[in-house]
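Here is the structure we will look at.
Each ligand, and each atom within it, is numbered from 1 in the order the structure gives.
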Amino acid sequence: MSNEKRLKIAIQKSGRLAEQSLKLLEKSGITLAKSRDQLLCRAENFPLDIFLVRDDDIPAFLATDVCQLGILGQNALLEKQALGNGKFADLRQVLPLGYGKCRLSMAVPHDFPYQSLASLEGKVIATSYRGLLSDYLTANNIKADIVTMEGAVEVAPRTHLADVICDLVSTGSTLISNGLVEKDVILRSEAVLVSNNIADEQIAALAEKVTSRIKSVLLAKNSRYVMLNSPTDSLAAIKAVLPGSQSPAVMPRQGRDDIVAVHAVCEEGVFWDTMEELKANGAKSILVMPIEKMLD
Ligand code: ATP
Ligand code: MG
């Protein structure tokens, strides 16, 4: 049996972040030996073990060094840190991942007379985020009672468990269907790659490698390769329109003095209006292509 050191990463087993976290690892070239029903999966082609767990448990997996990396919502990490008495203080957000976007917001029933946060003085607030909420209330000098609920927070006002709620919102449709209106946003959150303090050099190098691959995947996902023909005399205008492109390659076209070929990696979205603007500046044969991998 090989005694190679293996990095361990915890991701959500099922739920809002599960699919995309797994996909992100797969795009980073990590293929799982297929046993997704288990707690632990081995990567086939990388010294990495993947723990499939509940998102709430990921900070503890990291704090106890069962895993060195984890993917979870910033909200879940910050909540543990707010309540953890320093237990989770060493966990570090390494990389925001661009999915699982949501906000932790105060929401009140339609007929609640809300003017400002001060309207919550003395009220009862239901939430699953006692730590973040009480820090926020303290920072804003508001005294209110907090009722902690694990789920279905949005029904608390209707059932008279609380006057208002503080809950995660993404589209807002759950609030609307429960007669609630979103007010103050306490926190904006997305999925994030989290690391503990990795003492072992070999494991740290593996974590660095995984992190750098994930970074490349995210960069490639947001980038496009653009090729076009530009009239030689409108090259400057066309370069100015290419979004987030540092220094495009400009190449002569055989037998043509009036046009050049321009190739550029655009690190921002290339939308129809960008293409139309390129065309309006004289660009022809505009091709926009996805990029599979990128390594700087
Ligand atoms: P688990 O079984 O792993 O404990 P869960 O029910 O606590 O799962 P999910 O509902 O799957 O968690 O949400 C996971 C994360 O997805 C949240 O912590 C948050 O970061 C993010 N998220 C994005 N949008 C929303 C939303 N509308 N409601 C709740 N979470 C959201
Ligand atoms: Mg959970």
Side-chain angles (χ1 to χ4, degrees), residues 8-25 32 35-41 50-64 66-67 69-84 87-88 91-108 125-136 146-158 162 164-195 214 218 221:
K8 297 184 174 65
I9 185 168
I11 63 174
Q12 193 188 28
K13 183 181 174 67
S14 63
R16 287 186 157 94
L17 307 179
E19 269 319 301
Q20 292 190 76
S21 302
L22 203 55
K23 220 193 272 162
L24 188 58
L25 291 180
L32 306 196
S35 53
R36 272 195 59 188
D37 298 338
Q38 294 169 3
L39 168 69
L40 181 65
C41 281
I50 297 134
F51 283 66
L52 300 165
V53 298
R54 290 197 59 181
D55 63 348
D56 318 70
D57 294 334
I58 295 177
F61 274 73
L62 292 168
T64 51
V66 174
C67 294
L69 292 180
I71 295 179
L72 73 162
Q74 291 167 313
N75 55 297
L77 174 68
L78 293 172
E79 172 66 10
K80 291 284 177 192
Q81 289 181 323
L83 289 176
K87 191 173 156 202
F88 302 105
L91 305 188
R92 198 166 45 87
Q93 298 190 31
V94 182
L95 195 62
L97 301 173
Y99 59 90
K101 287 194 177 165
C102 57
R103 46 201 190 271
L104 183 63
S105 293
M106 307 292 317
V108 307
I125 310 175
T127 190
S128 310
Y129 290 84
R130 171 181 285 274
L132 290 173
L133 175 59
S134 59
D135 284 355
Y136 185 76
I146 300 177
V147 175
T148 307
M149 293 175 70
E150 288 301 326
V153 175
E154 64 280 0
V155 302
R158 241 188 305 140
V164 305
I165 68 166
C166 169
D167 202 8
L168 293 179
V169 186
S170 47
T171 61
S173 58
T174 308
L175 292 185
I176 293 168
S177 56
N178 284 281
L180 298 166
V181 188
E182 185 176 0
K183 297 294 180 187
D184 299 67
V185 175
I186 291 186
L187 174 80
R188 289 186 189 278
S189 174
E190 64 187 275
V192 66
L193 181 70
V194 178
S195 167
I214 292 178
L218 297 176
K221 187 174 152 213

Using a cut-off of 6.0 Å, state whether more than 12 heavy atoms not belonging to R158 lie near its atom CZ.
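Atom CZ in R158 is packed in, count exceeds 12.
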
Interatomic spacing from [atom1] in [X] to [atom2] in [Y] - rounded to 0.5 Å:
{"X": "L62", "Y": "F51", "atom1": "CG", "atom2": "CZ", "value": "11.0 Å"}
{"X": "L40", "Y": "L52", "atom1": "CG", "atom2": "CG", "value": "8.0 Å"}
{"X": "Q12", "Y": "D56", "atom1": "CD", "atom2": "CG", "value": "8.5 Å"}
{"X": "I9", "Y": "I71", "atom1": "CD1", "atom2": "CD1", "value": "4.5 Å"}
{"X": "L69", "Y": "I214", "atom1": "CG", "atom2": "CD1", "value": "7.5 Å"}

No-hydrogen, no-angle side-chain donor-acceptor test under 3.5 Å, T174 and E154:
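On atom types as modelled, these side chains do not qualify, holding no pair under 3.5 Å.
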
Residue-level breakdown please: for L17 versus ligand 1, do any non-hydrogen atoms fall below 4.0 Å on the side chain, on the backbone, on both, or on neither?
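Answer for L17: side chain.
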
Side chain to side chain contact (heavy atoms under 4.5 Å, CB included) with L77: which of K80, Q74, Q81?
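Exactly one candidate clears the test, Q81.
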
Note the single closest protein heavy atom to [atom], along with its residue, its atom name and the distance in Å.
{"atom": "atom 14 (C) of ligand 1", "result": "D55 OD2, 3.4 Å"}
{"atom": "atom 27 (N) of ligand 1", "result": "S170 OG, 2.7 Å"}
{"atom": "atom 30 (N) of ligand 1", "result": "L168 CD1, 3.3 Å"}
{"atom": "atom 24 (N) of ligand 1", "result": "C102 CB, 3.5 Å"}
{"atom": "atom 10 (O) of ligand 1", "result": "R16 NH1, 3.0 Å"}
{"atom": "atom 9 (P) of ligand 1", "result": "Q12 NE2, 3.8 Å"}

Taking only heavy atoms of [X], which atoms of ligand 1 are found under 4.0 Å from at least one of them?
{"X": "G15", "result": "11 (O)"}
{"X": "G100", "result": "21 (C), 23 (C)"}
{"X": "N75", "result": "17 (C), 18 (O), 19 (C), 20 (O)"}
{"X": "D56", "result": "4 (O), 7 (O)"}
{"X": "G73", "result": "20 (O)"}

To make sure I understand the geometry: which N, O or S atom in D55 is closest to the Mg ion (ligand 2)?
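Nearest to the Mg ion (ligand 2) within D55's N, O and S set: OD1.
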
Of all N, O or S atoms in D56, identify the one at the shortest distance from the Mg ion (ligand 2).
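When I compare the N, O and S atoms of D56, OD1 is nearest to the Mg ion (ligand 2).
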
With a 4.5 Å cut-off on side-chain heavy atoms, are L104 and Y136 touching?
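A side-chain contact is absent here, since even the closest heavy-atom pair is not under 4.5 Å.
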
Find out whether Y129 and L168 are in side-chain contact, i.e. whether some heavy atom of one side chain is under 4.5 Å from a heavy atom of the other.
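In short, these two side chains touch, coming nearer than 4.5 Å.
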
Give a yes or no on whether atom 6 (O) of ligand 1 lies under 4.0 Å from any heavy atom of the protein.
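No, there is no protein heavy atom closer to it than 4.0 Å.
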
Should R54 be counted as touching ligand 1, given the test is an N or O pair under 3.5 Å?
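Min N/O separation from ligand 1 is below 3.5 Å for R54.
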
